[in-house]
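Lettering of chains follows the sequences in order, A, B, ..., and the numbering in each one begins at 1. Every heavy atom of this structure was used, including side-chain atoms; hydrogens, water molecules and symmetry mates were not.
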Number of protein chains: 2
Amino acid sequence: MANRSPFASKLGAFVALSDEEMTLLDRLHVRRKVFPAGRDMVHEGQKNPSAYILASGWVCSYKLLSGGTRQIVDFQIPGDFLGLRSVLFRTADHNIEPVTRVEASEVLATDLLETFSKTPRLATAVLWAASRDEAMVVEHLVGIGRRDAKERTAHFLLELGSRLKLVGLGSASGYACPLSQNLLADALGLSAVHVNRVLRELREEGLVTFQHGRVEIHDLDALVLLADFDQTYLDHDGPLLK
Amino acid sequence: MANRSPFASKLGAFVALSDEEMTLLDRLHVRRKVFPAGRDMVHEGQKNPSAYILASGWVCSYKLLSGGTRQIVDFQIPGDFLGLRSVLFRTADHNIEPVTRVEASEVLATDLLETFSKTPRLATAVLWAASRDEAMVVEHLVGIGRRDAKERTAHFLLELGSRLKLVGLGSASGYACPLSQNLLADALGLSAVHVNRVLRELREEGLVTFQHGRVEIHDLDALVLLADFDQTYLDHDGPLLK
DNA sequence: CGGCTTGTTGAAGTTTATCAACAGATGTGG
DNA sequence: CCACATCTGTTGATAAACTTCAACAAGCCG
C-alpha cells in the first residue's frame with residue numbers, strides 16, 4: 001500500500017478501491033488548512049459550512065444546552081470525514097472544536113459531488129463511512145442511556161482504540177490520547193469528578209490506565225467483558241460491495 | 001395536494017417534488033405488509049434485512065444489552081423510512097419492533113436504487129430524510145447525556161408532537177400516543193417508575209397530560225422553555241434544493 | 001517564577017433506581 | 001360472559017449512583 005492519506009486507507013480497508021479511485025480521493029485534499037486547538041471550526045447555526053477530511057489532530061462535535069452544559073456527540077480522529085450532514089442541510093446543527101492543533105482539508109460540496117459522479121463507487125464508500133459514524137452515535141446513545149459510568153467509560157476507551165488501530169495510530173495494548181477528563185466527561189454525560197473516580201477504579205482493578213496522555217490497556221478481555229463491547233458495529237463489510 | 005402517502009407528503013413538505021416524482025414515490029408502496037404489535041420485524045444481526053416505509057402504526061428501533069436492559073434509539077411514525085442503514089450494511093445493527101399493529105411497505109434495495117437513478121432529486125430527498133433522522137438521534141443523545149428526567153421527558157413529548165403534526169396526526173394542543181410508560185422509560189434511559197413520577201409532576205404543574213393514550217399539551221410555552229426545545233433541527237430547508 | 005488549566009480527593013446533597021405492594025385495564029380460554 | 005392471568009400504571013420506602021462544592025496538588029505555558 002502506497003503512502004495514502006488516512007482517509008483513503010480507511011475507506012480502502014472496507015471497500016476495494018482501484019489505484020485510480022485512491023488517487024481521486026487523495027486529490028480531495030487540496031485546500032489544506034490548519035486550526036489551532038480550542039477555537040471552533042464550525043458553530044451551530046452557521047450558514048453554508050464546509051465539510052472537512054481530518055489529516056492530523058483530533059476534533060470533537062458537540063452541542064451546547066441553555067444551562068451552559070455541553071454534550072459531545074463524538075470525536076473525530078485522522079481519516080474521519082466531518083460536517084457531511086451540515087453541508088447537506090446548508091446549516092450546521094452542531095459545533096466542531098479542535099481538541100488539538102488540527103490539519104484538515106476543506107471539501108466543497110461541488111468538489112464532492114463531482115468526484116462522486118466520476119466514480120459512484122467512491123460515493124458508496126463515503127456513504128458507508130457516514131453510516132458507520134451514525135452507528136457509532138447510536139452505540140454512544142445506548143451507552144449513555146443504559147450503561148453505568150464504569151461500563152460506559154470502558155466502552156468508550158475500547159471503541160477509541162479500535163478506531164485508532166484502523167488508521168495505524170494505536171494497537172491492542174494502547175494509544176496516545178489527547179483528551180482531558182473534562183472532555184471525557186462532556187462526551188460520557190458525567191461530571192469531570194466522577195470520570196476521575198471511574199478512571200481510578202479501572203486503574204486499580206488493573207484493567208486500563210489513562211495517564212499522561214496515553215491509554216494503556218492492561219487486560220483487554222476483562223475490559224471487553226465489563227463494557228459488553230461488541231465490535232461488529234465498527235467493522236461491517238462494505239455496502240453492496242462486489 | 002392529492003391523496004398522497006404520508007411518506008410522499010412528508011418529503012414533499014421539504015423538497016419540492018413534481019407530480020411525476022410523487023407518483024414514483026407512491027409506486028414504492030407495492031409490497032404492503034402487516035405486522036402485529038410486539039413481534040420484531042427485524043432483529044440485530046439479521047442478514048440482508050429489508051427497509052420499510054411506514055404507512056400506519058408505530059414502531060421502535062432498539063438495542064439489547066447483555067444485562068437484559070434495552071435502549072430504544074427512536075420511534076418511527078407513519079411516513080418514516082426505516083432500516084436504511086441496515087440495508088446499506090447488509091446486516092441489521094439493531095432490532096425493530098412494532099409498538100402497535102403496523103402496515104408497512106417493504107422496499108428492496110434494488111427498487112430503491114432504480115428509483116434513485118431515474119430521479120436523482122428523490123435520492124436527495126431520501127438522503128435529506130435520513131439526515132433529519134440522524135439529527136434526531138443526535139438530539140436524543142444530547143438529551144440523555146445532559147438533560148434531567150423532567151426536561152428530557154418534556155423534550156421528547158414536544159419532538160413527537162412536532163413530528164406527528166408534520167404528517168397530519170397531531171396539533172399544537174395534543175396527539176394520540178400509543179406508548180406505554182415502559183417504552184418511554186426505555187427510550188429516555190430512565191426506569192418506568194421514574195417516568196411515572198415525572199409525568200405526574202408535569203401533569204400537576206399544568207404543563208402536559210399523558211393519559212389514556214393521549215398527550216394533551218396545556219402550556220406549550222412553558223413546556224418549550226422547560227425542555228429548552230429548539231425546533232430547528234427538525235425543519236431545515238431542503239438539501240441543495242433549487 | 002507566576003498564573004492557569006488539569007487532576008485528585010473528601011464530604012454532603014440530589015437525582016434516579018430498586019424493591020414491593022396493589023389497583024386498574026386488557027386480553028384469553030373455558 | 002365470567003374467571004384468571006398478565007400487563008400497565010401508581011405510590012411509598014430504601015438504596016445506589018452520580019453531582020456539587022471545596023480545597024489542594026501537579027503539570028504546563030508564557
For Gly189(A), answer base if it contacts any base atom (sugar-phosphate contacts may also be present), sugar-phosphate if it contacts only those atoms, and nothing otherwise; contact means non-hydrogen atoms under 4.0 Å. sugar-phosphate
Answer yes if the ring centres of Tyr52(A) and Phe35(A) are under 6.0 angstrom apart, and no otherwise. yes
Indicate yes or no for a side-chain donor-acceptor contact from Thr100(B) to the backbone of Trp58(B) under 3.5 Å, with no hydrogens or angles considered. yes
Classify Ser191(B) by what it touches in the nucleic acid, base, sugar-phosphate, or nothing, heavy-atom distance under 4.0 Å. base
Find the distance His194(B):NE2 to dC18(D):C1' and express it as a whole number of Å. 13 Å
Do other residues, nucleotides or ligands put more than 12 heavy atoms under 6.0 Å from Arg32(B) CZ? yes
When the distance from CG of Leu190(A) to P of dG7(C) is rounded to whole Å, what number comes out? 15 Å
Separation of dT10(D) C1' from Asn182(B) CG (nearest whole Å): 13 Å
Rounded to the Å, how far apart are Ile144(A) CD1 and dT15(C) P? 20 Å
What contact category does Ala149(A) fall into here, base, sugar-phosphate, or nothing, at under 4.0 angstrom with non-hydrogen atoms? sugar-phosphate
Check this for me: does the side-chain of Arg197(A) come within 3.5 Å of the base of dG10(C) through a donor and an acceptor? yes
If you assign Arg146(A) and Ala192(A) each to the DNA chain C nucleotide with the nearest heavy atom, which residue ends up on the more 5' nucleotide? Ala192(A)
Counting only side-chain N and O atoms of Asn196(B), is one of them less than 4.0 Å from OP1 or OP2 of dG9(D)? no
Could you state the atom-to-atom distance from CZ of Arg147(B) to P of dT15(C) in whole Å? 17 Å
Go through dT6(C), dG9(D), dT8(C) for me and flag the one nearest to the Gln211(A) side chain. dT8(C)
Could you state the atom-to-atom distance from CG of Asp148(A) to P of dT19(D) in whole Å? 12 Å
Do side-chain atoms of Arg70(B) reach the backbone of Asp186(B) as a donor and acceptor pair under 3.5 angstrom? no
Arg163(A) side chain near Met136(A) side chain, heavy-atom distance below 4.5 Å: yes
Ignoring backbone atoms, establish whether Gln181(B) has a side-chain N or O less than 4.0 Å from OP1 or OP2 of dC7(D). no
Minimum-distance nucleotide to Arg203(A) side chain [options: dT18(C), dT8(C), dG9(D)]: dT8(C)
Considering heavy-atom distances to DNA chain D, does His212(A) or Leu199(B) have its closest nucleotide positioned more toward the 5' end? Leu199(B)
From CG of Leu188(A) over to P of dC18(D), roughly how many Å is that when rounded to an integer? 11 Å
Proximity to the side chain of Val193(B) - top-ranked nucleotide from dT11(D), dT16(C), dG10(C): dT11(D)
Could you state the atom-to-atom distance from CZ of Arg214(A) to P of dG7(C) in whole Å? 17 Å
